[in-house]
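Owing to the predicted nature of the structure, the values given are computational and were not obtained by experimental measurement. Each chain gets a letter, A, B and so on, in the order the sequences are listed, and its residues count up from 1.
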2 protein chains.
Amino acid sequence: MKPVNDNAQGLLALRLSAHLPFGRSEHELLTGVPWRTEEMAARHAFIREGDRPTHSCLIVRGIVVRSQYGADGQRQILSVHIPGDMPDLQSLHIRSMDHDIETVSAARIAFVTHDDLRRLCDASAHLAAALWRESLIDAALFRAAIFRNAQLGAEARLAHFLCEMQLRHAAVDLVIDGGFDFPMSQELIGEVLGLTVVSINKAAQALRAQNLIRMEKGRVVVLDWDGLVRFGQFDGSFLHMEQPQRPLAAAS
Amino acid sequence: MKPVNDNAQGLLALRLSAHLPFGRSEHELLTGVPWRTEEMAARHAFIREGDRPTHSCLIVRGIVVRSQYGADGQRQILSVHIPGDMPDLQSLHIRSMDHDIETVSAARIAFVTHDDLRRLCDASAHLAAALWRESLIDAALFRAAIFRNAQLGAEARLAHFLCEMQLRHAAVDLVIDGGFDFPMSQELIGEVLGLTVVSINKAAQALRAQNLIRMEKGRVVVLDWDGLVRFGQFDGSFLHMEQPQRPLAAAS
DNA sequence: CGCACCCTTGACAATTGTCAAAATGCGTGG
DNA sequence: CCACGCATTTTGACAATTGTCAAGGGTGCG
């Protein structure tokens with residue numbers, strides 16, 4: 001297991017080829033695309049509702065969230081994105097953004113122009129399908145969120161969310177010693193799960209009390225994967241990974 | 001305003017060309033695809049979690065919902081689909097279904113093979129993009145549902161949902177006399193909004209009391225579009241229609 | 001040192017769920 | 001045509017969950 005690739009081409013190629021392994025020509029097309037990488041501060045909304053982006057982005061390092069605002073300013077976080085994700089692929093085919101995208105922690109984000117992506121898709125229906133698939137997985141995350149927020153109580157909701165995070169981090173080799181770095185405050189997690197800080201805090205304590213997780217500032221460790229899965233009624237199949245439904249758990 | 005097209009090719013061509021108008025060759029490709037149409041009874045789950053479909057479907061008549069089940073059998077409806085929608089386009093690129101698709105009312109559903117769709121996409125990157133776009137709109141509906149269910153109280157939630165339904169029905173000319181046929185029971189609406197029948201019932205009464213809607217069995221009429229929009233904090237831009245953000249309201 | 005920011009805790013309020021039962025409407029068969 | 005049964009809508013009393021408000025404590029950083 002090498003450390004995670006922190007170069008945009010590599011990350012993307014790895015990701016796309018995971019499900020539809022492709023040939024040399026596609027690989028060359030992919031690595032030929034120019035990326036512009038940018039370092040960003042925490043809490044920076046770099047795409048806003050109403051924007052008409054000309055680029056899509058790929059997260060290389062850090063955490064990024066999509067959010068939508070209500071009439072009286074309440075924020076709902078629609079999804080949480082980690083390295084390897086392309087959270088605004090949709091802007092390739094939908095002109096205008098219907099939500100914001102912003103960093104949580106400091107982050108490194110790579111940008112590619114829509115024109116380049118379109119060239120890629122025109123040149124290879126195979127690559128187009130792979131990118132399309134990525135956007136479909138994104139939709140699957142949304143479905144899971146709808147289920148979670150509507151059907152689970154506060155504690156199970158948090159458990160479900162942490163299961164998802166653990167699995168997605170594992171998929172990009174970001175699970176180390178049974179856990180992952182996670183710079184979201186409880187307040188932010190509340191905005192993901194549709195709960196207040198207070199409820200998140202109590203839920204977190206409940207999960208800790210049952211020895212399911214450890215949750216310190218900036219880091220989450222899953223102590224009992226099976227238990228957490230059961231508790232959160234988590235069924236990871238919506239992530240549609242070929243791989244290890246089960247993250248190499250076991251904390252020290 | 002003609003009556004809605006009830007032929008699959010026509011519906012799809014209309015839908016796809018709305019945003020990316022395309023040429024004669026694409027039109028021919030599209031109309032060359034063979035569809036198999038099927039009449040279905042109400043409450044029939046014709047695609048199930050775990051299935052690996054070889055076809056995608058288009059709703060010609062009737063209402064269809066996606067649903068996912070929790071550990072103890074509770075159902076969450078993830079989205080509601082009306083004529084013109086292709087609710088399982090994703091199965092084209094994601095092998096295994098992570099949810100069920102079932103009819104609410106009796107429905108006419110048209111099926112097309114994945115192979116045919118893939119041929120279409122290979123033949124025209126333009127058509128591929130149009131189909132991709134459809135799946136992205138689907139994702140936008142999910143986002144709206146996440147926002148709605150987490151941020152709005154019961155009454156506003158119902159208002160928001162009805163706004164969405166009105167607009168989507170309007171987009172396929174299914175708004176007649178200011179309303180649309182809607183065979184979902186309050187129980188089912190509850191499963192969409194993450195509320196119980198009791199809450200839906202009370203919310204419906206509240207909206208009726210304010211003269212925002214009429215809601216009889218099998219039919220919804222929007223009496224005061226602007227009021228309903230305000231009440232439900234509804235912003236229809238997530239539907240990404242070019243057209244009339246405002247459905248030809250006005251009931252008799 | 002002091003200021004943010006975050007986590008934690010407690011008392012109380014508000015919303016929604018649960019349970020139960022009555023009322024309404026619709027289709028079917030007698 | 002009417003009666004019956006079934007699904008759906010409606011209502012009310014009560015319980016449970018979560019939100020709100022407020023305050024205290026910890027930690028890191030300038």
Over how many whole Å does the gap from [X] atom [atom1] to [N] atom [atom2] extend?
X      : N      : atom1 : atom2 : answer
B:E216 : C:dT24 : CD    : P     : 17 Å
B:L193 : C:dT16 : CG    : P     : 12 Å
B:M215 : D:dT9  : CE    : C1'   : 10 Å
B:N149 : C:dT15 : CG    : P     : 18 Å
B:L207 : D:dT10 : CG    : C1'   : 16 Å
B:Q151 : D:dT18 : CD    : P     : 16 Å
B:R157 : C:dT15 : CZ    : P     : 13 Å
B:L158 : C:dT15 : CG    : P     : 17 Å

We want to know whether A:Q68 and A:Q76 form a side-chain donor-acceptor pair, criterion being a heavy-atom distance below 3.5 angstrom.
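Absent: no donor and acceptor within the cut-off.
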
Does a donor on one side chain and an acceptor on the other come within less than 3.5 Å for B:E102 and B:S67?
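Present: a donor and an acceptor within the cut-off.
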
Protein proximity profile, nucleotides 17-22 of chain C - base contact B, sugar-phosphate-only contact S, no contact -, cut-off 4.0 Å on heavy atoms:
SBB---

Can you tell which of D:dT10, C:dC6, C:dT8 lies closest to the side chain of A:K217?
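From the listed options, C:dC6 comes nearest.
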
Please tell me if [X] has a side-chain N or O lying less than 4.0 Å from either OP1 or OP2 of [N].
X      : N     : value
B:N201 : D:dT9 : no
A:R43  : C:dA4 : no
B:Q205 : D:dT9 : no

Tell me, please, which residues at least two apart from A:H169 pass ring-ring contact (aromatic ring centres under 6.0 Å, His included).
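By the ring-ring contact (aromatic ring centres under 6.0 Å, His included) rule, A:H169 matches A:F180.
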
Backbone N or O of B:A42 within a donor-acceptor pair of the B:S105 side chain at under 3.5 Å?
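No, the answer is negative, given that no donor and acceptor are paired below the 3.5 Å cut-off.
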
B:Q151 side chain to A:Q74 backbone, donor-acceptor under 3.5 Å:
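Not at all, since once roles are kept as given, no pair shorter than 3.5 Å links the two residues.
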
Between A:D98 and B:R143, is there a salt bridge with N-O shorter than 4.0 Å?
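Salt bridge: yes.
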
Which pair of heavy atoms, one from A:A107 and one from A:G62, lies closest together, and at what distance?
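So the two residues come closest at CB-CA, 4.0 Å.
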
side-chain contact (heavy atoms from CB on, under 4.5 Å) assessment of B:L89 paired with B:D138
CA-CA 9 Å; B:L89 210 46; B:D138 231 58; over 6 Å; no

For DNA chain D, what residues of residues 179-192 of chain A have any heavy atom nearer than 4.0 Å?
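Contacts with DNA chain D under 4.0 Å: none.
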
Working to the nearest 0.5 angstrom, can you tell me the gap between B:R36 CZ and B:C57 SG?
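B:R36 CZ to B:C57 SG: 10.5 Å, rounded to 0.5 Å.
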
